Amino acid sequence: MKKLNAYFRSYNGQVLLRLIAAILIGYLASNAIGVVMAKSLDRWTSLHLSEASLYASLSAFFIYSVIILWAFSVRSQKKLWRQLSVLTFIFAVLAYVI
C-alpha cells in the first residue's frame, strides 16, 4: 500500500490521475452537457430532436477537448476532481430532470 501511495504522489502518478480524470470523468461530463443541450434545444427552440442532437454532439466534442486541456492546466488535483465531479453531477441531474 505504501508503494501505491508513493506512486500516486510522484510525478508519473499525478499525470496518471489527471489522465484518468480527463478521459473518464471528462467524457461523462461532456456527454451529460450534450444531453442537456440537446433536450434544451429541442424543448425551447424550433429545432427537431435529431437536429438538436447533432448540434449538441458537435458541441460536446469541443467541450470534451476543453475539459482535457483544463485537466492538465489546473494546479491542484483536489480542485480538478472536485470541480469535474460537481460539474458532472449537476449536468447528469439536469439531464434526468429535463
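Everything numeric here is computed off the predicted structure, so don't read it as measured data.
Side-chain contact between Leu80 and Gln77 is present, with heavy atoms from C-beta onward closer than 4.5 Å. Looking at heavy atoms from C-beta onward, Ile63 lies in side-chain contact with Ile67 at the 4.5 angstrom threshold.
The hydrophobic clustering, which links ILVMFWY residues whose side-chain heavy atoms are closer than 4.5 Å, places Tyr27 and Phe61 apart. There is no path of hydrophobic side-chain contacts, each under 4.5 Å, that joins Trp44 to Tyr55. In terms of hydrophobic clustering, with Ile, Leu, Val, Met, Phe, Trp and Tyr side chains grouped at heavy-atom distances under 4.5 Å, Val66 and Ile23 are assigned to different clusters. In the hydrophobic cluster analysis, where Ile, Leu, Val, Met, Phe, Trp and Tyr join through side-chain heavy atoms closer than 4.5 angstrom, Leu84 is grouped together with Leu19.
Summarising the geometry of Ala71 relative to Ala22, their closest heavy-atom pair is CB-CB, 3.7 Å, with the distance given to 0.1 Å. Nearest heavy atom pair, residue Ala38 against residue Ala52, reads O-CB, 3.5 Å. Heavy-atom minimum distance, Ile98 versus Arg43: C-NH2, 3.9 Å. A pairwise comparison of heavy atoms in Leu47 and Asp42 identifies O-OD1, 3.5 Å as the closest pair. Minimum interatomic distance between Val35 and Ala95 (heavy atoms only, all atoms of both residues): CG1-CB, 3.6 Å. A pairwise comparison of heavy atoms in Leu87 and Ala29 identifies CD2-CB, 4.2 Å as the closest pair.
Here Lys79 pairs with Val74, Ser76, Arg82, Gln83 under the side-chain contact (heavy atoms from CB on, under 4.5 Å) rule; sequence neighbours left out. For Val15, the side-chain contact (heavy atoms from CB on, under 4.5 Å) partners are Tyr11, Phe72, not counting sequence neighbours.
Ile20 contributes atom CD1, which lies 6.5 Å from atom CG of Leu24 (distance to the nearest 0.5 angstrom). Taking CG of Asn12 as the reference point, atom CG of Leu16 lies at 8.5 Å (rounded to 0.5 Å).
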